[in-house]
Structure formats: structure tokens, C-alpha cells
S.K.: 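I am attaching a structure below and will ask some questions about it afterwards.
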Amino acid sequence: MAAANNSNDRYAILAEKWLNGTITPGEEQEYADWYNSLSADDKVEVPFEWAADREEHRKKLLALIMEKRGRIVPLRTKVLRGVAAAAAILIVVLGAYKLVQNKPVPNPVAATPVKTPVNDIQPGSNGAMLTLANGNVIVLDTAKNGRLLNDAGNNVMKINGTISFAHAANWAPGTIGYNTLSTPRARQQQLILSDGTVIWMNAESSVKFPTAFNGRTREIDVTGEVYCEVAKDASKPFIVHVNDAAVQVLGTHFNIMAYTNEPSLQTTLLEGSVKFIKGRNELLLKPGQQSQLFPGDRLKFIPDADTESATAWKNGRQVFNGADIETLMRSLERWYDITVEYKGPMPHRTFTGDIPRTANLSEIVTLLEVNKIKATLNAANKRLVLEP
């Protein structure tokens, strides 16, 4: 640390210039080379007064995480630039997972049996409950692959964890019933409707759908969060009803997040086009755009949406980009089936990072503690207590 102390003034100036955007390429490389040459302990001890609190907090957090995980990852200039705006960066380094995981995880994510410590909680897995039109309920968590049902209205198959519906051999066009597939906390499910539309369901979600689409439209009702790849059929628009609103499409890929405890209902479009309708308000979305519906029917248009964060869950990841701690905790409550309790006001920080949905809860608790948030997990009561 002595060498660094001899150059405190120089690097203090470079740190300030880097943070306010006035640093030259040569100075930026000099600053990055110096920072990367420090040990993890040296990085942790960089004084706050050298730069803005937010950036120093990020650097300290990064060094601590790397030290805890026993892994040295050089901090490159591009990485520094990419996360400079975050008050805190939430990073998971687990085995083959890297700082940013771009390779999709096979869909849907299957539960991998692992030995869980006594005071720990495993992540969610595939599973759902199917409520048929006649009121019968089928629990899909333990159902084996193969045909689950074949009657006058349903031909239900389970193939590699995916639930698929088709017309039964003796189906009559006038025989229409409505089924509901629902996922509790800590469960997700993939569904294929009779028209070929594929739906990914996040935890605490439901899809109500007919056994066949034989009218002029294809209509379903959803709650929670779903990602849809709608089968193209120009003669039959596909309409998703959600929270007294509707999303109308012909054939497209989009995500709807409509949890009642989230600030807004969000529709994010990845491919094709959709029309979001709420009362007299209509909004036509193109790929990469998002609509946000707030209480009081206030509709907001996001022309350049963060599609990765919105849809990462279906690929086995939880991506946060500037999320506050309450947003992060709501996501954990749904996926780990826990209750989060706050003891005292939480510091206003934002979190950016990429967490595999296969991580045990204790690993995320470790990251919170590194981030100076006291987190006490009681696995027996499924409760996580946070203190500032």
C-alpha cells in the first residue's frame, strides 16, 4: 500500500476525473492499471474521500466479494464504466457463472437435487397445479412424463417438464371447457396451448385458457408474470386479459409482469407488435419497448426498455439493473417462498447484478451482508430479517 500512498494526490485526481467523466483515455488506463494492481485488501481500504460515496461503495463491495469467493477477477476499464452509476453492485460468482452470464440456461430450469445446509433454503423448481373445467385438480410437481389426461375436452401431456394441450381424439367442436394452470411460490412452469402458443409462467402466476380456440379470437386470462411466444394466426388475434387490461397480438414474443404488489403492470415486447389496452388508453409497442400501467390508469411508455432484466427469469437468471432493495426482496419472496421482514428503515441503495435462479438463498444472504445489510435467515420459519 506504500506505493499507492506515495501517489495519493495523483490517483485522487484521476478518481475524481473518472467519476465526473473528464478523464482522458490515457489517464483512464493509468487509473485502471493502478487499481487492478492492488490486492483485494488494498481495494477495500481505498478511502471514501477519494471519490463519490457511491463509486467507492461499489469498489469495496467488489473487492470483498472476490475475496470471499476466493477468486481474482481483474477489474477492467469497460467494467468500471458499465457499473459506475450503481450505488451497489450485486454479483454472484458461483462455479461456472461469470460476472455477466450471457449464455441462456436450458428452458425451463429443472431442480437439481443438492444437499442443503440446515439453515438454508433451496431455490424454486418446476411445478404447478392444473384445475380442470370440471373442478378436478392435478398436481404436476410429481407427475411423470406421458399422458396425464385424455377425455372429451382435454389431451394433456407432460414432456420433459412441459405441459402440452391438444384436442382429444373424440373432441367435438362445441365442447369447450376452461382450465387454469397456476404456480405457487417457488414454482415455475412451461405451458403449450392447443394452438401451439408457448407460455412460461413465473412463480405466483396463473393462466386460464380454453381447451380449444374455435372462435374468432384466442383469449386467455393471466395473473402474476408470464412470457408468451404466440403462434401466428392472422385470422384469430390472441388477447391476454390481465388486471382489467388487455394485450392484443397476432404472433409475437412478449413478457407481462402483473404482480399486484409491484408498482406497475409492465408489458415488454421482444418480437412482433402488441397493442396494450386499458379503458380508452391504447399503446402500440414495437420490439424493445415497454408499457407501464400505474394506479389511476396512468400509462407510461418506455421506448428503450431493459428487455434483458424483464425476461431473464425464464432463462434461469434474475437480473437487476438499478433495483431498490424492496424490488429485490419481492423477487426473492416469490422464488424462495419466504417472508422478508424489515427492522428499521433500509438505506436507499440500488442493486445491479445477475443471480442464477439455481443459487441457494444463503448465497444471496452472504452478498447482502457484504453490502453492509444485516440479514438473518430462519429457514425453519421461512423468514429473512433485514436490518440496516
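Computation of the quantities below employed the complete heavy-atom set of this structure, encompassing side-chain atoms and omitting hydrogens, waters and symmetry-equivalent molecules. Residues: numbered from 1 along the sequence shown.
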S.K.: Report the distance from atom OG of S273 to atom CG of L285, rounding to the nearest 0.5 Å.
M.R.: 9.0 Å
S.K.: Are the side chains of Y178 and T180 in contact, using a 4.5 Å heavy-atom criterion?
M.R.: no
S.K.: Consider only side-chain heavy atoms of I, L, V, M, F, W and Y, link residues closer than 4.5 Å, and tell whether M329 and I121 are in one cluster.
M.R.: yes
S.K.: Between M201 and I138, is there a shared hydrophobic cluster once you connect ILVMFWY residues whose side-chain heavy atoms come closer than 4.5 Å?
M.R.: yes
S.K.: Check the side chains of R357 and Q188 for a donor-acceptor pair under 3.5 angstrom, ignoring hydrogens and angles.
M.R.: yes
S.K.: Is it the case that the side chains of S362 and N360 hold a donor-acceptor pair, with the cut-off being a distance below 3.5 Å and no angle test?
M.R.: no
S.K.: What are the two closest heavy atoms between F209 and V207, and how far apart are they?
M.R.: CD2-O, 3.5 Å
S.K.: Can you tell me if N160 and T162 form a side-chain donor-acceptor pair at under 3.5 Å?
M.R.: no
S.K.: Taking the side chain as C-beta and beyond, is there a heavy-atom pair between V137 and L130 under 4.5 Å?
M.R.: no
S.K.: Hydrophobic clustering (ILVMFWY, side-chain heavy atoms < 4.5 Å, transitive) - are L181 and I256 grouped together?
M.R.: yes
S.K.: With clusters defined by side-chain heavy atoms of hydrophobic residues (ILVMFWY) lying less than 4.5 Å apart, directly or transitively, does L299 cluster with V247?
M.R.: yes
S.K.: Just by distance, do the side chain of N315 and the backbone of R317 share a donor-acceptor pair under 3.5 Å?
M.R.: no
S.K.: As an exercise, state the distance from OG1 of T350 to CZ of F320, rounded to the nearest 0.5 Å.
M.R.: 12.5 Å
S.K.: Strictly distance-based, threshold 3.5 Å: is any side-chain N or O of N134 a donor or acceptor partner for the main-chain N or O of N136?
M.R.: yes
S.K.: Rounded at 0.5 Å granularity, tell me how far CZ in R383 sits from CG in N378.
M.R.: 8.5 Å
S.K.: Between V226 and C228, what is the shortest heavy-atom contact and its length?
M.R.: CG2-SG, 3.9 Å
S.K.: Taking only Lys NZ, Arg NE, NH1 and NH2, and the carboxylate oxygens of Asp or Glu, determine whether R334 and E262 approach each other closer than 4.0 Å.
M.R.: yes
S.K.: Provide the closest heavy-atom pair for A212 versus S194 in the form atom of the first, atom of the second, distance.
M.R.: CA-OG, 3.8 Å
S.K.: Between L269 and Q289, is there a side-chain heavy-atom distance shorter than 4.5 Å?
M.R.: no
S.K.: Examine distances only and state if a side-chain atom of K300 and a backbone atom of F294 form a donor-acceptor pair shorter than 3.5 Å.
M.R.: no
S.K.: Which pair of non-hydrogen atoms, one from G196 and one from A231, has the smallest distance, and what is that distance?
M.R.: C-CB, 3.9 Å
S.K.: Less than 3.5 Å apart, any donor N or O on the side chain of T268 or T307 sitting next to an acceptor on the other?
M.R.: no
S.K.: Give, for atom CG of L377 and atom CD1 of I338, the distance between the pair rounded to the nearest 0.5 Å.
M.R.: 7.0 Å
S.K.: Starting at NZ of K236, measure out to OG1 of T217 and round the result to the nearest 0.5 Å.
M.R.: 8.5 Å
S.K.: For the backbone of S206 and the side chain of T223, can you confirm whether one donor and one acceptor N or O come within less than 3.5 Å of each other?
M.R.: yes
S.K.: Does any N or O in the side chain of D233 come within less than 3.5 Å of the main-chain N or O of S235, such that one atom is a donor and the other an acceptor?
M.R.: yes
S.K.: Check the pair E369 / K374 against side chain to side chain contact (heavy atoms under 4.5 Å, CB included), numbers first and verdict last.
M.R.: CA-CA 5 Å; E369 291 173 342; K374 184 179 179 181; 5.9 Å; no
S.K.: Answer yes or no: is there a side-chain heavy-atom contact under 4.5 Å between V274 and F276?
M.R.: no
S.K.: State plainly whether one hydrophobic cluster holds both L283 and F238, where clusters connect Ile, Leu, Val, Met, Phe, Trp and Tyr through side-chain heavy atoms under 4.5 angstrom apart.
M.R.: yes
S.K.: For P287 versus G272, what's the shortest heavy-atom pair and its separation?
M.R.: CD-O, 3.2 Å
S.K.: For S205 and N202, which I'm curious about, is there any donor-acceptor pair between the side chains at under 3.5 Å?
M.R.: no
S.K.: Identify the two heavy atoms, one from Q122 and one from Y336, that lie closest to each other, and give their separation to 0.1 Å.
M.R.: O-CD2, 3.6 Å
S.K.: If you measure from OG1 on T327 to CG on N261, what distance do you get to the nearest 0.5 Å?
M.R.: 10.0 Å
S.K.: Please determine whether a side-chain nitrogen of the Lys or Arg among D337 and K382 lies less than 4.0 Å from a carboxylate oxygen of the Asp or Glu.
M.R.: yes
S.K.: Using only atom types and a distance under 3.5 Å, with no angle test, would you say the side chain of K158 pairs donor to acceptor with the backbone of L140?
M.R.: yes
S.K.: Measure the shortest side-chain to side-chain distance between T211 and N179 over non-hydrogen atoms and say whether it is less than 4.5 angstrom.
M.R.: yes
S.K.: Using distance alone, with no hydrogens and no angle criterion, decide if E225 and N255 have a side-chain donor and acceptor under 3.5 Å apart.
M.R.: yes
S.K.: Can a donor-acceptor pair be found between the side chains of W335 and Q318 at a distance below 3.5 Å?
M.R.: no
S.K.: Looking at side-chain heavy atoms only, is the closest gap between K343 and V385 below 4.5 Å?
M.R.: yes
S.K.: Indicate yes or no: does E204 engage R185 in a salt bridge with an N to O separation below 4.0 Å.
M.R.: yes
S.K.: Do I192 and T197 pass the side chain to side chain contact (heavy atoms under 4.5 Å, CB included) test, and can you show the C-alpha distance, the side-chain angles, and the key distance before you say yes or no?
M.R.: CA-CA 6 Å; I192 302 178; T197 292; over 6 Å; no
S.K.: Got L250 and K232 here, is their nearest side-chain heavy-atom distance under 4.5 Å?
M.R.: no
S.K.: Are L148 and I163 close enough, and set up right, to give a side chain to side chain contact (heavy atoms under 4.5 Å, CB included), and what steps lead you there?
M.R.: CA-CA 9 Å; L148 302 179; I163 305 303; 4.2 Å; yes
S.K.: Test salt bridge (charged side-chain N to carboxylate O under 4.0 Å, His left out) on K278 and D244 and set out the steps.
M.R.: CA-CA 7 Å; K278 178 63 168 73; D244 296 325; 5.6 Å; no
S.K.: Would V198 and L191 count as a side chain to side chain contact (heavy atoms under 4.5 Å, CB included) if you check the C-alpha gap in whole Å, the side-chain angles of each, and the deciding distance to 0.1 Å?
M.R.: CA-CA 6 Å; V198 184; L191 167 67; over 6 Å; no
S.K.: Do R147 and N155 meet the criterion of a side-chain donor-acceptor pair at a distance under 3.5 Å?
M.R.: yes
S.K.: Got V242 and T267 here, is their nearest side-chain heavy-atom distance under 4.5 Å?
M.R.: no
